[in-house]
Protein chains: 2
Amino acid sequence: MVTLKDVAKEAGVTATTASRALRGMDMVTPKTTHRVLAAAEKLGYRMNISAQSLRTGKSGTVTFLTAGIDGAYFSSLAMRFAAELNRQGMHMLIESSKYLLDDQGNERDMSYLFSDGIIGINAKHASKALSSHPSVLLEDYTLDSPYDQVNAPSQAGTRAAIRHLYEKGCRRIGLVGHDIPPESNPGASQQVRMLAARHECQQLGLEFDDEHSLISVPWSRDGGVEAGHRWADDRLGFDGLFCPSDGLALGVLRGLADRGVAVPQDVAVIGFDGIEDGEYSVPTLSTIAVDFTSMAQAAVALLTHRINHPDEERYPQTVTVGYRLIERESTRR
Amino acid sequence: MVTLKDVAKEAGVTATTASRALRGMDMVTPKTTHRVLAAAEKLGYRMNISAQSLRTGKSGTVTFLTAGIDGAYFSSLAMRFAAELNRQGMHMLIESSKYLLDDQGNERDMSYLFSDGIIGINAKHASKALSSHPSVLLEDYTLDSPYDQVNAPSQAGTRAAIRHLYEKGCRRIGLVGHDIPPESNPGASQQVRMLAARHECQQLGLEFDDEHSLISVPWSRDGGVEAGHRWADDRLGFDGLFCPSDGLALGVLRGLADRGVAVPQDVAVIGFDGIEDGEYSVPTLSTIAVDFTSMAQAAVALLTHRINHPDEERYPQTVTVGYRLIERESTRR
DNA sequence: GTGAAAGCGCTAACAA
DNA sequence: TTGTTAGCGCTTTCAC
């Protein structure tokens, strides 16, 4: 293994100077810098990040921490963060918080000290990890959270979705999902969206009934399928369905197709998130497209600030990104 | 920051003993171990991985290196690897090789020395990184590769897909994709699949014409849409379409839907990969479901072996995982 | 502008 | 079984 010392010797300087040159510090003579760079190239030198990290206390790495790691939503989100971090010259470690718990359900997270910060989503129970690092939470919605938050526009987006259904002539709007978040709690954003939907329906003067306006199913594609089946089998009579996630909505489309229901003629369907799949479904899916790129940028910006100014006692901040209503076939009529 | 020394002092032992206890080495008295663990817990000790890594030369981290980081296929693959690595007590760093190149297209990958190994897919141009680490390549298909490979059953799976179409009565089978891999080369597996498809068609005695049996479009969902359109607009007359990826196939379904074509009545469609989306499309998608779980397990096993036995000169090995043909609506007739 | 020395937190050898 | 010593490769004082 070729170390800094080897490079230094090759360039006829000390390790100190070589280090400075490699990092482009301008106190070093251009000539010296050049010599060092050439030596590094010649020897195929690659810096030992562990050593650097040990010395500086920074690793240039951020952990993306999530409970469930599966599904189009989480993975596409994770990929955007990886891209944004790479763009900033940082690296992303991806971690499922479920592997952080031992058999007794205790948090075993010694391995965390390595990364400079954490971007967490649905990772509340990894509190040790979060509290011992600069952390940003995604889709959290906790008021008075000790962490910076970056959220989707769940309220505004949901209300826009409901109004869209209304404008399309829907007068009996159903909500797909459920009130009580399941144990695994992919639920914070879900709850906010359900509440906002209910609120907006009432504002629009629509008949709305806590009991009968909800198709209560699990928050998943299969849950959506089930909801679609129920719409038909139980003759629920909604002319518009709001799904608080695109996964749910795509499931609904599939469930309705199973029963030969025509969308949007028999019932209009709108989702939330704006994942790519909705562009290709049959029918294509109207949705509230969340600006994930901005979410990634905002979260990384907040996090790097905290990392670089560890002593600054800035109050936790919440960023809510924008959205765009995309009308596609599932509500076009 | 609380270090090993602090823990040791609290437990009334030396750092060495504390270290051994924390790592569960059995030379340490149970009583001592217990004391150390208690001290660590009490002080909220978290190990500094950088220091450990510097000392041992291992970081417990593997880099998942991919050119394009987007799309259901790559992200779901990445997630499986993360899960498998976590299961093994390791961590996954995710890296897009495109951020590895500087403006001049030179590889700048100093940051790599940190991880113990690389799992690469479509990452051939990151050769410096690959060659300087234990590496496993996914979907590579290069003969005489210097790296261990883990591949999908592209040949066998493709032939099964073609035979399936044949058994369903298809006699004019079209292939979607293209022969010449595009510059970005997500193409190795594509080429293998196209070739195998051609071969199997000929074996079955089907009329097959290099020029007219191929719908040449980009390897993407949009490419699939285009292929669907062409099938209808150019009256290509295929009664069965083989798509070498599910993304392509889902695009085809959408493109055919745009033209009001009935699948599978007018034309049967089969994909390749087995991503979840195909369970929910309309119609649902028949596919060759690759055993991604085994891919992840095999790759991680090969890699950890190389990592733990750096001096063993084992010849590069290729693992081809299994598949299952899943018949769904798009070919059910 | 460059160098010498110290030390980040940990673990492997060796000694007791 | 436990402790002592040394050093992994790097960057940061502090001298010059």
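Side chain of B:Gln149 to main chain of B:Thr142: a donor-acceptor pair is present (N/O by atom type, distance under 3.5 Å, no hydrogens or angles). Not one N or O on the side chain of A:Glu139 forms a donor-acceptor pair closer than 3.5 Å with the backbone of A:Asn122. With hydrogens and angles ignored, the 3.5 Å screen pairs no side-chain donor or acceptor of B:Arg314 with any backbone N or O of B:Arg306. When atom types are taken as modelled, the side chain of B:Ser59 and the backbone of B:Phe114 share a donor-acceptor pair closer than 3.5 angstrom.
A straight line from CD1 of B:Ile49 to C1' of C:dC10 spans 10 Å, rounded to a whole angstrom. Taking atom CG on B:Asn48 and atom C1' on C:dG9, their separation rounds to 6 Å, with Å as the unit. Separating the CZ atom of A:Phe114 from the C1' atom of C:dC10 is a distance of 15 Å, rounded to the nearest angstrom. Following rounding to the nearest Å, A:Leu54 (CG) and D:dT11 (P) show an atom-to-atom distance of 11 Å. Between A:Asp6 atom CG and D:dG9 atom P there is a gap of 9 Å when expressed in whole angstrom units. One atom, NZ of A:Lys5, and another, P of C:dA5, lie 12 Å apart when rounded to the nearest Å. Computed from coordinates, the A:Gln52 CD to C:dG9 P distance equals 16 Å when rounded to whole Å. Between B:Arg55 atom CZ and D:dC10 atom C1' there is a gap of 15 Å when expressed in whole angstrom units.
Ranking D:dG3, C:dC10, D:dT12 by closeness to the B:Leu4 side chain, first place goes to C:dC10. The side chain of A:Met27 has C:dG1 as its nearest neighbour among C:dG1, D:dC8, D:dC10. For B:Met1, the listed nucleotide lying nearest its side chain is C:dG9; candidates were D:dT12, C:dG9, C:dT11. For A:Thr14, the side-chain atoms get nearest to C:dG3 when compared with the rest of C:dG9, C:dG3, D:dT11. Distance from the side chain of A:Thr17 is smallest for C:dG3 among the nucleotides C:dG9, C:dG3, D:dT11. The side chain of A:Met47 has D:dC10 as its nearest neighbour among D:dG9, D:dC10, C:dC10.
Ranked by how close their nearest DNA chain D nucleotide is to the 5' end, B:Thr56 and B:Ala15 are led by B:Ala15. Both A:Thr16 and A:Thr29 lie close to DNA chain C; mapped to their nearest nucleotides by heavy-atom distance, the more 5′-ward contact belongs to A:Thr29.
Contact annotation: B:Thr32 reaches the phosphate of D:dT2 (side-chain N/O to OP1 or OP2, under 4.0 Å). Dashed line: the shortest gap from a side-chain N or O of A:Arg23 to OP1 or OP2 of D:dT12 is under 4.0 Å. Contact annotation: B:Ser19 reaches the phosphate of C:dT11 (side-chain N/O to OP1 or OP2, under 4.0 Å).
Side-chain atoms of B:Met92 and B:Asn86, non-hydrogen and from C-beta on, never get closer than 4.5 Å to each other.
Residue contacts shown for B:Arg20 include a base, since a base heavy atom lies under 4.0 Å away.
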